[in-house]
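Nothing here was measured: the structure is a model prediction, and the numbers come from that model.
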Amino acid sequence: MARLAQTHGLTDVQQEILATVRDFVDKEIIPVATELEHRDEYPQQIVDGLKELGVFGLMIPEEYGGLGESLLTYALCVEEIARGWMSVSGIINTHFIVAYMLKQHGTQEQKEYFLPRMAAGETRGAFSMSEPGLGSDVSAITSKAVKDGDEYVLNGQKMWLTNGGTSTLVAVLVRSDEGHPEGTAPHKSMTTFLVEKEPGFGEVRPGLTIPGKIDKMGYKGVDTTELIMDGLRIPADRVLGGVTGRGFYQMMDGVEVGRVNVAARGCGVAQRAFELGVQYAQQRHTFGKPIAQHQAIQFKLAEMATKVEAAHAMMVNAARKKDSGERNDLEAGMAKYLASEYCKEVVEDAFRIHGGYGFSKEYEIERLYREAPMLLIGEGTAEIQKMIIGRRLLEEYHFQG
């Protein structure tokens with residue numbers, strides 16, 4: 001496995017961080033992941049361990065108590081963590097999207113107040129765009145904020161909130177018509193609010209309710225919830241960036257980071273599936289020899305390894321593009337699309353290699369088989385990614401007829 005998914009040009013510090021995370025994954029996550037996943041149990045001990053390693057502050061600037069590392073370093077760490085258990089990478093992902101949005105778009109007061117506590121893992125972040133009646137169509141958001149003196153009153157229902165119960169800070173995207181006349185384009189009348197709350201379920205602050213965990217096919221352990229706002233009052237200084245109407249752009253910037261993260265998760269899960277498949281193929285014997293010696297299985301392993309390598313390369317390219325300060329929606333869309341599709345295919349091939357045993361909950365591949373589909377829809381479906389890719393290609397290759 002040492003030959004696959006290598007990243008060239010890393011600094012000594014990056015290599016040391018990745019080695020530390022990989023060692024943690026091998027010792028602290030993989031041995032317990034399947035048992036915790038079957039119980040749908042939040043991995044508190046694992047999260048505490050990552051907190052001690054400083055992972056929650058990985059991309060937060062040093063001046064705010066973080067490690068000040070790049071998106072590439074973060075994505076490679078996510079790849080390692082998802083290789084152990086994808087749900088743990090989800091706990092970190094939403095936290096870092098919010099931290100990134102604060103770093104890029106927050107006021108100085110907001111940065112100074114939130115980022116040090118996020119770097120220490122004391123404040124855990126989540127973000128919320130989706131609603132029960134919409135998914136990828138962000139312009140159809142109906143949740144609304146109305147100005148009332150020095151506060152805003154928020155009402156509406158949000159959906160698919162990762163870390164909804166365990167988080168203490170949620171970046172929530174809602175409509176805010178104040179200052180934006182009727183007829184303004186929907187994406188220009190949206191605002192991101194920084195909502196602080198208590199962890200847990202039920203009414204977590206006046207006007208804000210987290211009903212409970214949504215039961216899912218996979219991606220268990222991490223809590224996925226609804227969020228209901230009913231007369232939720234938020235001070236005006238908790239508008240991200242201090243100005244209304246910029247929420248859509250702030251969220252899309254964060255989602256680009258999220259798409260690199262989902263690509264990294266796909267790479268990590270695919271790597272683990274390949275490891276399980278190639279190991280089992282050398283242990284299982286049929287017709288007097290290990291099944292790895294059968295040409296049909298060798299072909300399958302060759303295809304799996306090539307997909308792992310290709311997805312990793314595209315993910316690294318997208319992360320480096322973002323780190324350079326350049327627009328990377330094309331690269332992030334391609335990486336997310338390819339990595340999630342290849343992940344599904346590699347996991348299914350590993351499942352097939354396991355034969356009947358792959359259907360047993362005693363084998364780790366069964367868990368991966370249920371987890372991989374989430375990557376096909378998280379941070380935008382494959383169809384949405386192809387729309388983004390197609391539009392960007394037409395911009396780059398515009399033909400003057």
- Task: Carefully, step by step, assess Q14 and T73 under the rule side chain to side chain donor-acceptor pair (under 3.5 Å).
- Result: CA-CA 6 Å; Q14 288 175 312; T73 306; 2.9 Å; yes
- Query: Is it true that E345 and K307 make a salt bridge, defined as a side-chain N closer than 4.0 Å to a carboxylate O?
  - Reply: yes
- Query: If you measure from the Lys or Arg side-chain nitrogens to the Asp or Glu carboxylate oxygens, is any gap between E371 and R265 under 4.0 Å?
  - Reply: no
- Message: Checking V269 against R83 for the side-chain contact (heavy atoms from CB on, under 4.5 Å) test, could you report, in this order, the C-alpha distance in whole Å, the side-chain angles of both residues, the deciding distance, and whether it holds?
- Response: CA-CA 5 Å; V269 174; R83 175 181 152 267; over 6 Å; no
- Note on the structure: When every non-hydrogen atom of Y342 is compared with those of A310, the smallest separation belongs to CE2-CB, 4.1 Å
- When you check the gap from the basic side-chain N to the acidic O, do E37 and K220 get nearer than 4.0 Å? no
- Item | Test item: side-chain donor near acceptor, E226 and Q157, under 3.5 Å | yes
- Item | Separation of D223 CG from Y42 OH (nearest 0.5 Å) | 6.5 Å
- Query: Just wondering, more than 12 heavy atoms not from Q45 lying within 6.0 Å of its CD?
  - Reply: no
- Query: Is any side-chain N of the basic residue among E348 and R352 closer than 4.0 Å to the acidic one's carboxylate O?
  - Reply: yes
- Where does the angle between the aromatic ring planes of F96 and Y74 fall among parallel (under 30°), tilted (30 to 60°) and perpendicular (over 60°)? tilted
- Item | side chain to side chain donor-acceptor pair (under 3.5 Å) evaluation trace for T191 with T244 | CA-CA 5 Å; T191 298; T244 62; 4.5 Å; no
- Message: Before you tell me yes or no, could you show the steps for L10 and L76 under side-chain contact (heavy atoms from CB on, under 4.5 Å), namely the whole-Å CA-CA distance, both residues' side-chain angles and the distance that decides it to 0.1 Å?
- Response: CA-CA 11 Å; L10 298 180; L76 294 174; 3.9 Å; yes
- Between D329 and K322, is there a salt bridge with N-O shorter than 4.0 Å? no
- Is it the case that R124 places NZ or CZ above or below the six-membered ring of F56, under 6.0 angstrom from the centre and within 45 degrees of the axis? yes
- Smallest heavy-atom separation, M101 atom then L240 atom, equals CE-CD2, 3.8 Å
- Message: More than 12 heavy atoms of other residues, nucleotides or ligands under 6.0 Å from NZ of K213: yes or no?
- Response: yes
- Within a strict 4.5 Å, meaning less than it, do heavy atoms of the I210 and I228 side chains meet? no
- Item | Heavy-atom pair of closest approach, residues E122 and T168 | O-OG1, 4.2 Å
- Message: Between T142 and E131, does the side chain to side chain donor-acceptor pair (under 3.5 Å) criterion hold? Intermediate values first, please.
- Response: CA-CA 8 Å; T142 60; E131 296 183 358; 3.0 Å; yes
- Do other residues, nucleotides or ligands put more than 12 heavy atoms under 6.0 Å from K216 NZ? yes
- For the pair D349 and K300, find out whether any cationic side-chain nitrogen is under 4.0 Å from an anionic carboxylate oxygen. yes
- Item | Minimum-distance pair of heavy atoms, taken over all atoms of I353 and A281 | CG2-CB, 4.2 Å
- Query: If every non-hydrogen atom of V78 is compared with every non-hydrogen atom of A264, which pair is closest and at what distance?
  - Reply: CG1-CB, 3.9 Å
- Query: Can you tell me how far CG of L376 sits from OG of S340, rounded to the nearest 0.5 angstrom?
  - Reply: 5.5 Å
- Message: Under the criterion side chain to side chain donor-acceptor pair (under 3.5 Å), I'd like the reasoning laid out for H105 against D253: C-alpha separation, chi angles, the key distance, then a yes or no.
- Response: CA-CA 10 Å; H105 306 288; D253 190 21; 2.9 Å; yes
- Task: Start with the C-alpha gap between R320 and E331, add the side-chain angles, then the distance that decides, and say whether salt bridge (Lys or Arg N to Asp or Glu O under 4.0 Å) holds.
- Result: CA-CA 10 Å; R320 282 181 162 149; E331 290 78 9; over 6 Å; no
- Report, as yes or no, whether the 6.0 Å neighbourhood of atom CD on E326 holds more than 12 heavy atoms from other residues, nucleotides or ligands. yes
- Message: Return the OG1 to CD1 distance between T34 and I365, rounded to the nearest 0.5 Å.
- Response: 10.0 Å
- Note on the structure: For N261 and S89, the nearest pair of non-hydrogen atoms, with its separation, is ND2-O, 4.4 Å
- May I ask you to decide whether R39 forms a salt bridge with E35, counting only side-chain N to carboxylate O separations under 4.0 Å? yes
- Evaluate side-chain contact (heavy atoms from CB on, under 4.5 Å) for I214 paired with W160, printing each intermediate quantity in order. CA-CA 8 Å; I214 298 170; W160 307 119; 3.9 Å; yes
- Message: I need the full list of salt bridge (Lys or Arg N to Asp or Glu O under 4.0 Å) pairs touching residues 98-113, with sequence neighbours left out, sorted by first then second residue.
- Response: E109-R238
- Query: Less than 4.5 Å apart, any side-chain heavy atom of L161 and any of S130?
  - Reply: no
- Message: Parallel, tilted or perpendicular: which one describes the rings of Y369 and F351, with boundaries at 30° and 60°?
- Response: parallel
- Query: Is the number of heavy atoms from other residues, nucleotides or ligands under 6.0 Å of D230 CG greater than 12?
  - Reply: no
- Item | Atom CD of E16 with >12 non-hydrogen neighbours under 6.0 angstrom | no
- Message: Distance check, rounded to the nearest 0.5 Å: F127 atom CZ versus L169 atom CG?
- Response: 13.0 Å
- Distance (rounded to the nearest 0.5 Å) between I91 CD1 and M86 CE: 11.5 Å
- Query: Do the numbers put R117 on top of the ring of Y113, so that NZ or CZ is under 6.0 Å from the six-membered ring centre and no more than 45° off the axis?
  - Reply: yes
- Report, as yes or no, whether the 6.0 Å neighbourhood of atom CZ on F201 holds more than 12 heavy atoms from other residues, nucleotides or ligands. yes
- Looking just at side-chain N and O atoms, do T7 and H312 make a donor-acceptor pair shorter than 3.5 Å? yes
- Message: Strictly distance-based, threshold 3.5 Å: is any side-chain N or O of H354 a donor or acceptor partner for the main-chain N or O of A350?
- Response: yes
- Query: Would you say the side chain of Y100 lies within less than 4.5 Å of the side chain of M59, judging by non-hydrogen atoms?
  - Reply: yes
- Query: Could you state the interatomic distance from CG (N93) to CD (E379), rounded to the nearest 0.5 Å?
  - Reply: 5.5 Å
- Task: Using the side-chain contact (heavy atoms from CB on, under 4.5 Å) rule, take R391 and M387 through it: C-alpha gap first, then chi angles, then the decisive distance, then the call.
- Result: CA-CA 6 Å; R391 288 170 182 168; M387 284 174 58; 3.1 Å; yes
- Query: Quick one: are I17 and E69 in side-chain contact, heavy atoms under 4.5 Å?
  - Reply: yes
- Around atom CD of Q283, are there more than 12 heavy atoms of other residues, nucleotides or ligands at under 6.0 Å? yes
- Query: Do E256 and R259 meet the salt-bridge criterion of a basic N to acidic O distance under 4.0 Å?
  - Reply: no
